[in-house]
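Single-structure report; data block below.
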There are 2 protein chains.
Amino acid sequence: MSTPFERPPTAQEAVLGALRRMLVRGELRPGLPVRQESLAEQLGVSRVPLREALKVLEGEGLVTYLPRRGYVVTELSAGDLVEVYRLRELLEAEAIAVAVPLLTDADLVALEAAAGEVEDAGSDIEALTTANRRFHFLLFDAARMPRLSRTLRQLWDATDVYRVVYFAEPERRARVRDDHAGLVAALRRGDIEAAVAAQAAHRAHSVTTVTAALSRSAAGA
Amino acid sequence: MSTPFERPPTAQEAVLGALRRMLVRGELRPGLPVRQESLAEQLGVSRVPLREALKVLEGEGLVTYLPRRGYVVTELSAGDLVEVYRLRELLEAEAIAVAVPLLTDADLVALEAAAGEVEDAGSDIEALTTANRRFHFLLFDAARMPRLSRTLRQLWDATDVYRVVYFAEPERRARVRDDHAGLVAALRRGDIEAAVAAQAAHRAHSVTTVTAALSRSAAGA
DNA sequence: CGCGTGTATATTGGATCCAATCTGACCCGG
DNA sequence: CCGGGTCAGATTGGATCCAATATACACGCG
């Protein structure tokens, strides 16, 4: 109803989305080389659009390119994860600080609607992550700093793999909702400090749980 | 003598470098569409490696991609410039704060050598910008935060176009050398605050002069 | 028995070719 | 005179094909 047709018009974009999903689902496992021929066949396209999509992922650090040797799925260590979250901390604080004074009533309504979508998503992880993302970037984009939004998007993309782990637990989903409600309340009051703090707490919680999950799975290996 | 052969082994990388130079030199002017056929012919390659290089530039925001319509050279406004510098401010401060305690003697020697290269570059703008970049990233990389380095690299790439303007004036080149010397001194003392401040002053000076140059040229149009 | 070498195979990089779509001009009707 | 529609050229997107390089394995030599 909202967007009747939003299908990727080009194969490279479709492939890009497919690759992201495969990364999140672990179908493309870190450390393994990307075999272009078989992967392209599996996706029903030729290698050309696949390679263009891989170049985008390379820019985000999700895959590593070695000339004449191809692409390898990047292995993200716990350290990398911590690093990304630290960068997010710095940049999201900036985005929120700039955005809050600029927020219109329409923005706030949209944010509440987005928060509602997160609630409605229930336990559908796919819907949950996209709704969550929409909520946060509605806020970040309100800062009207396109380059900042772009950079944050790259950082979020780089850790999408882990975000799924996070949402798997029902208790965390509940917490996310509370956090969102608190954040919106702070935004309504125009309270920058509280908003930044809310986002920080939200993020900190996710980094600790995800890191824990990661080290647990690493211990198993 | 240092690197006997560092030529890009693949055409896409060569093209990427060529495109960056063309952007810096203004041969690819903002707002204009990128005609793949003629540009590829001009570079002596086919459109395939060209398109891969363009995807990289798209990730950095230097070109904008419109499906089925191709790539357009992004127009950077003064606002965009300010935004990039603000992001650099946040991220470079972090990089320096983390790097300073980790600096080894070897790092410091390398930094001084790099600073020397900047001096030796004289008025060769090309050599100057690359040496300047090497100097700063030697420091940033010392923080051992690869994702942060990557992000900073993207931000620097995005404004390379303007950096050239900056270095055109001899007085500014002199100032750069002084700034570098001051920065190295602070690093030697392990004085994080002073180092961050030095970098900030360095950057602030460049953003003001470049913005001025930009508005002057905009006034002419 | 270990190691370097040579060759066969797998895989990537790039060029060319074709299909799909966009742009712009021209024409026609209102 | 203006707006919509149609058709030709231009341009992009993607598939296929070929060349160049890397990898793996077998072989022969020390």
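First the proteins, then the strands, lettered A, B, ... as listed; each starts at 1. Just so it is clear, the model here is predicted, and its values are computed rather than measured.
Rounded to a whole Å, the CD atom of A:Glu41 is 18 Å from the P atom of D:dG14. Following rounding to the nearest Å, B:Leu50 (CG) and D:dT11 (P) show an atom-to-atom distance of 14 Å. Distance, A:Arg51 CZ to C:dG14 C1': 7 Å, rounded to whole Å. As a whole-Å value, the separation of B:Leu54 CG from C:dG14 P is 14 Å. Between the C1' atom of C:dG14 and the NZ atom of B:Lys55 lies a distance of 18 Å, rounded to the nearest Å. The nearest whole Å value for the distance from the CD atom in B:Glu37 to the P atom in C:dC22 is 19 Å. Between B:Leu66 atom CG and D:dG13 atom C1' the separation is 14 Å, expressed in whole Å. The nearest whole Å value for the distance from the OH atom in B:Tyr71 to the P atom in D:dG13 is 6 Å.
Relative to the side chain of A:Arg68, the nucleotides D:dG13, C:dG14, D:dT21 differ in distance, and D:dT21 lies closest. Nearest nucleotide to the A:Arg35 side chain, out of C:dA15, C:dT12, D:dT12: C:dT12.
Contact annotation: B:Tyr65 reaches the phosphate of D:dG13 (side-chain N/O to OP1 or OP2, under 4.0 Å). An OP1 or OP2 oxygen of C:dT12 is reached within less than 4.0 angstrom by no side-chain nitrogen or oxygen of A:Arg69. Listed pair A:Gln12 / D:dT12 fails the phosphate criterion, with no side-chain N or O lying under 4.0 Å from OP1 or OP2. When the side-chain nitrogen and oxygen atoms of A:Gln36 are compared with OP1 and OP2 of C:dG13, one or more of them lie within a distance under 4.0 Å. Residue A:Thr10 places at least one side-chain N or O under 4.0 Å from the OP1 or OP2 atom of D:dG14.
Residue A:Val45 is the one, among A:Pro67 and A:Val45, whose nearest nucleotide of DNA chain D lies closer to the 5' end (criterion: closest heavy atom).
Between B:Phe135 and B:His180, the two ring planes are parallel [angle under 30°; tilted spans 30° to 60°]. Relative ring orientation between A:Tyr65 and A:Tyr71 is described as tilted, the plane-to-plane angle lying within the 30° to 60° band.
A salt bridge is absent between A:Arg86 and A:Glu83; no separation between the charged side-chain nitrogens and carboxylate oxygens falls under 4.0 Å.
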Evaluation steps, salt bridge (Lys or Arg N to Asp or Glu O under 4.0 Å), between A:Arg134 and A:Asp141: CA-CA 10 Å; A:Arg134 186 152 46 232; A:Asp141 290 344; over 6 Å; no

Under the criterion side chain to side chain contact (heavy atoms under 4.5 Å, CB included), I'd like the reasoning laid out for B:Glu92 against B:His202: C-alpha separation, chi angles, the key distance, then a yes or no. CA-CA 12 Å; B:Glu92 290 177 3; B:His202 189 43; over 6 Å; no

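The base of D:dG14 lies outside donor-acceptor range of the side chain of A:Arg47, with no N or O pair under 3.5 Å.
A:Val34 comes within contact range of the sugar-phosphate backbone alone, with a heavy-atom separation under 4.0 Å but no base atom that close.
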